[in-house]
Every structure is written in C-alpha cells, then in structure tokens.
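A short worksheet on the structure shown next.
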Amino acid sequence: MVMVMFLPSQLSGSDSRLNDSHKSSKSDEKHKHKEHKHKEHKSKERDKDREKSKHSSSSSKNHSNSEYKESSEKRHKEKLKHRDGSSDKHRHKNKEKRKEEKEKLHSSSSGVGDKIKKENGFTSPPRIKQEVDDEYLPSVKVENKPTKRARIDDDVDFKPKKPKIEDEKRTKKRKAEEVTKSKKGKMKGQADGAGKKKKKKEEEDKWKWWEEERYTDGVKWKFLEHKGPVFAPPYIPLPDKVKFYYDGKHIKLSPQAEEVATFFGKMLDHEYTTKDIFRKNFFKDWRKEMKPEEKSTIVDLNKCDFEEMNQHFKDQSEARKQMSKEEKLKLKEENEKLLQEYGFCIMDNHKERIANFRIEPPGLFRGRGNHPKMGMLKRRIRPEDIIINCSKDSKVPVPPHGHKWKTIRHDNKVTWLVSWTENIQGSIKYIMLNPSSRIKGEKDWQKYETARRLKKCVDKIRAQYREDWKSKEMKVRQRAVALYFIDKLALRAGNEKEEGETADTVGCCSLRVEHIKLHTELDGQEYMVEFDFLGKDSIRYYNKVPVEKRVFKNLQLFMENKQPEDDLFDRLNTSILNKHLQELMDGLTAKVFRTYNASITLQQQLKELTNPDENVAAKILSYNRANRAVAILCNHQRAPPKTFEKSMQNLQTKIDAKKDQIGMARRELKGAKADHKVKKDEKTRKSVESKKKALQRVEEQLMKLEVQATDREENKQIALGTSKLNYLDPRISIAWCKKWDIQTEKIYNKTQREKFAWAIDMADEDYEF
DNA sequence: TTACGCACTTAGCAACCTCTGG
DNA sequence: CCAGAGGTTGCTAAGTGCGTAA
C-alpha cells in the first residue's frame, strides 16, 4: 500500500523554516517512555531547484556575500563585548542547580532542515470596514432592561448589504449604545431548496458583529449582565466502607483531611503520584489539612494506602457509564439547564456564550513538565474569593445563600465577568466569553490584520535585521539574531520567568548557551545550529538549521566565555525586542511573526499542494498537509495516541480487504465481459456495466482509505488543532474551500465554524492573506 | 530599569460523546 | 444493538505583552 512520508515541508524552498522536532520527544521524561522512529525525509529535488531560483535572496544561501568582513568583525569583537557593558542579566540564582540537572535531553533525530518557501512582499489592499447602513435600525437601548436580554431579535426584513470594508486601524468608532441590526441579504451560496426556511430563520438570529463598528479607546462593553459563576460541588464524604489505611491500620480521617486524600487517591494510576516532587508537595499540603492527631500519626506518605479510595472512584465512574438511558438523559438535561442559566451573559444587547462559567474545583496541582509545585493543593474557591465584574445598571449576580462576593466591580475596560486569585502561583483566573463572542472575535480578526500589515513590511524588517547583524553594538546584534530566529523558526518571544516557581522552559530571548550547539559543518551543510530546549508546556524543540555565516559568527561571539547556563542573549529581553519592533511597525510584537509566518505558509502551501484534478478527499489531504507544515513550523506536537499502532493496523486490514474486493470485482467484470462477448445480449451488457460500476466504487473506496492512512501516519506526532485555532487566518481556509468548492464542514467542525463565523461570512474565493 | 500585576492568548491532555461497522 | 475508535469539548496551565510602581 502507499504510505509515503511526504510532507509538504519536504517540498523544498531555500528558506528552511520548518523544524524537525516533532520527531523527537516532548520532554525528557516522556522521552524515556517513547520510541521514536526517525524517518528520513526525502526531499524532492524538483521543487527545490525551482524554489532556489525564485528566492535566492533569502536566508541560507548567502554565505558568499557574508564572507567579506570577517576580519573586521574580529577586530570589533573586543570593543563590542564591553561596549555597552551596562546590564548583565542576573540569572545566577539557580545556575548551579541547573548545572546538575541538565543531564539528559539528549537523543538526536534526523535533522534535515525542512524547507518551505516563504512568500514575500505580496500586498493586498486594505479592507476598510465602514459603517454602511442601508437599513439602519433605531438603536435599541437595552442596557438597563434585563427583560430585553434573551432575544437579540434581529427581526428585520433584510436587505443586501455588503460594502463592508474593514480597516485594521481602529479609526472608526462604534456607536456604543447603538446596535445596528444588520440583516444580511445574501445567503451566500446557499441555494439549497429544502430546509431553506429553517436555515433562513436560524441565520437571521446570528448577529454579525463584524459588520458593526468597533469600540475605540479601550472600552470593551457598555452593558454587561450575568449570573455569576457555578461553584464546584461540595465535598461528599466517603462511605464508611471505603477505608484508608496507614501502616496497615485503618484510620478514619477527618472530612478535611479525607477530601485532600481523595484527590491523591483518584490519581493513583497516574504517573504523577510516583514523582518525588509531587509526593512531597502533596504530603506537605495534606498535612496542613490534618487534625493534630492525624498529623502526629501520619508522618510518612509511603505508609499510606489509598487503594480503597482509588477503587471506590473507579467503581463510581464505572457505575456512571452503566447508567440507564433515562438517567443519562436526566443528567444531560440538568447540565443543559445549568448551561442555559449560567452559560450566557448579556453584553451590549446580545446574548453571548461564556467560555468557562464553572469555577475550577479543588484538587492537586498538575503542572506540566518538571514543575516544582506539582502536587500542591489547589484550594477550594468560595464566593468570598470571587470578584464580580458587570455593569452598574445590570442585575448583579446573587452569591450563594449565606455568602457574599469579595468585590463587585464595574470595569468596562476589561472583558472578564468573574475573577479570583489562585493559590499555587498567586495568579488571577478569569471567567470570560466564548471564542464565538464578539469580544473575542474582534480581537482575533484584529490579530490577523496586524499580521497582514507585517506582510507588507516584512521585507524591510528582514533587510534591517540582516544589516544589524553587523552592528557595532552588541545589543543590536543580539536583537537582530534573536529576531532572525523568531522570524525564521517561529520561536516564541521568551519572557523571563521566576526561577523555581515554574518548570524550566525557554523561548527565544531566554535561550541559554546550553540550548544550542554550533557546527561549522554537519550533515553536509555549513554553519549549522542545533537547537535543543524545552519550550512552552515543556514541549521539546529540537531542530538543526543552517544559518548564514554572519549569524553563525555572531552566535560564536555571544557564546564566548560563557557557561552553559548563561543567557545566550545577555543584552536582550522581550521588552527590549518588542520596543524595537514597535518602532518598525505599529502593533508589531514578537508573536505577530508566528501568526504571520503560520498564515503565509498555509496560503503558500495550499497554492502549491492543491491539485485541481484531484477529488475532494485528495484535496483535503492537501489541506491537511498544508496545515501540517504550519504545525511543524510552530512545533505543535502531541503524544502519539495510545491506540495509534492498533488503529493503523485496523486501517491496514481494511485496506487489504478492500484490495481483495477489488480483485474479486475485477474477476467478475472479466467474467461478465466474456459472457457478453459470447451472448451479446442486453442482459449481459447490463451486467458488464454494473460490474464496471461496482469495481469503480471499490477502487474509490480504497483510495479514500489509503489517503486516510497516509494522513494519519503523517499526523502521528503532530497536532493540527492549535495552529488551526490560533495561527491560521481562517479566511485563507475559507477562500480555499470556496475556490475548490469544498464544504466548510470538511475543514472546520461546529465549534470552529462558530469561532470563525466572521471569516466564513466575509471571505470570498480570492481572499489573499 | 527592573519588577510586578494584570489581562488576555495559546497549549496539550483527557474525559466525554458520537458515529461506524460488526 | 453494542463496542470502541476517533472526533469534540472542557479544562486549566503556561505563555505574551502592556502598564505602572518601586
């Protein structure tokens, strides 16, 4: 069967922008448990050559013109280093510790600088959203009329209206308290006959916020009303038959101590509970909850036996699964009721879905990676911890009986409805709106518009940072090299983090000397940099990339006389970098590069990979491959699904079966043909026809299965969701769908379509990012 | 000039739900 | 009709980046 590893990223280009790290492990720990197949990717020479000639100016091929001036660079070295000898960062507290700890993280993987070409310099005309209103409804002021809330009643006759042209700059002001009822005229491409009425009605209910003006000056809303949060259910003590043993002896725990014990008991099967830090933190916090007697008896976690609790919870979840249909339905209905009551709010005349209306229940903190606080007790949140945010003229949510809120605020410069301070890191948690809401959607849209503005000046910025590699000032050089990484490799900015408070992870600006290795020559390429570090969520980033000689020399310079645990960019931090970016373009920050490069890559890859002659399944495979190219670029990994091998096998079995079927169908067709040849009658002719059709059908089915297998195999360790949701301008995907006449549903599921409703509505087939 | 608080986006995991095919 | 694969959703941790106070 065909199981070609053939990622779009292998397709070439002179600018190697994608990384390889998906082939390596997520973190040291996980690494131990995983086996990795290092598939060598074969690159496709044809495209490579094409690309090379097209983009000869970008990155990796510039060795020759950076050759000159080596000597003068050397001359500068000394000067450079102490030139702005001001602030060295102080990051020495835990250096020693780190030194000891940094042992593993090793294992290599094949590092082919996967290549992808970058599309440069294309500019599309700005769209300017303006207030156009044929049908201008008298604005409804609803603010203090909770009665009005539930229905958004866009009950207007409709009128075509579309000249909306957006404008990235928020030059326009929204008439705050006015809601212009926009009624769409076109039911774009929706000529379906049956069920039209229903659909029409539904659509009319959808509010098109993107056709309205936006607020300026930081105001996020004028009216906000909600019911407050839903608290975690109270603790239900264990039945007496579920016993806890200490040192073999049964102990009846006090409710407080018991609750915390159950948190641990529930997790017994989880790897967490075997980790020293987790156990230590848990035990320490647990003891705080104990009564004095308990405290004096229970002194060693190793002597604690939570088995019965563990079994109890397993039984419970089993029982839940075994519930009857009716019981399940009842539960579902109750949930739905809760959702209806607490899951929505009214913001400026519109009912909007809340993302997380439930307060996080107490439990043991599960940090990711090697987190120093894992296992600590995450305490129960009470109404007294809760800050409510809503408008003055709204019905303020009522706290649970006998309780009161910590504070009630009326701050319309923020988007959250509820907040509280969490006890592990002391950070603030929020209840906010769903991604489908106006307030999130606008921001998302704006994000892509900023990225599109970057597209217009990215060439200039690239030229600039390349120039800066030669700067006399160390700080400027570091900034330029860091920016180059951020641009080329889509690294995150890398804010500093407090030592010992979180897992030791880094981004670009916080890279340390130990995270890169320089190879003058490696895998047959010159000036290679080998990256190996843990990034966000302790996901490992492993990549080998060829860089320009000048970058390479600069890195050598930055690393000179430093310890492995010293900062690579010791004169740089995200704030310096972003300040600089701000000067280059309004609204530009490091993360815009990730958005930009992700989106432009998708657009470019779609162009390149989509074959007009192929069928829908194949086109979707191409889409997924384009998406995958981005996921690889952004290093969005996932643990291979536990059932991966098995499910792959199942598929293979199916494929084999299909092949047999085809063989059979072929033979039957042959037989029928022979029959027809002899008899030459109508009956046999028909038989031939139908056999032909049958064969075609199975062949098509086989194709589909094979495509599916390829897709799945390629996707083993790559998560597409994150980039799809956060980095890819949805209008690119929608345009692609429209262009090739593919249903949006094939690309976006329901939730995604809700989130991207704005894009689905406004992008047409020739949208250019 | 750095440290910190705050708001908001981005992230992977796992529980849950749904659809498929035996 | 049922099991289980696989998709979907919920959850909440972990980032970015801005503004302000020390």
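Numbered from 1 within each chain, the chains take letters A, B, ... in sequence-line order.
The phosphate of C/dC11 has neither OP1 nor OP2 within less than 4.0 Å of any side-chain N or O from A/N356. Side-chain nitrogen and oxygen atoms of A/N495 include none within less than 4.0 Å of the OP1 or OP2 phosphate oxygen of C/dG15. Here A/Y727 does not reach the OP1 or OP2 of B/dT9: none of its side-chain N or O atoms lies under 4.0 Å away. Taking side-chain N and O atoms only, A/R571 has no distance below 4.0 Å to OP1 or OP2 of B/dT1. In this structure, A/Q425 does not reach the C/dA13 phosphate: none of its side-chain N or O atoms is under 4.0 Å from OP1 or OP2. Applying the 4.0 Å criterion to OP1 and OP2 of B/dC17, one finds that A/K328 has every side-chain N and O outside that range.
Contact annotation for A/A503: no contact, since no heavy-atom pair falls under 4.0 Å across all strands.
A salt bridge (charged side-chain N to carboxylate O under 4.0 Å, His left out) with A/D537 is found for exactly one of A/R366, A/R638, A/R368, namely A/R368.
Comparing B/dG12, C/dA14, C/dT16 against the side chain of A/H636 picks out B/dG12 as the nearest. Closest to the side chain of A/V414, from the set B/dC16, B/dC8, C/dC18, is B/dC8.
Taking 3.5 Å as the limit, the base of B/dT10 and the side chain of A/K591 contain no donor-acceptor pair of atoms between them.
Relative orientation of the A/F756 and A/W758 rings is perpendicular, given thresholds of 30° and 60° on the angle between their planes.
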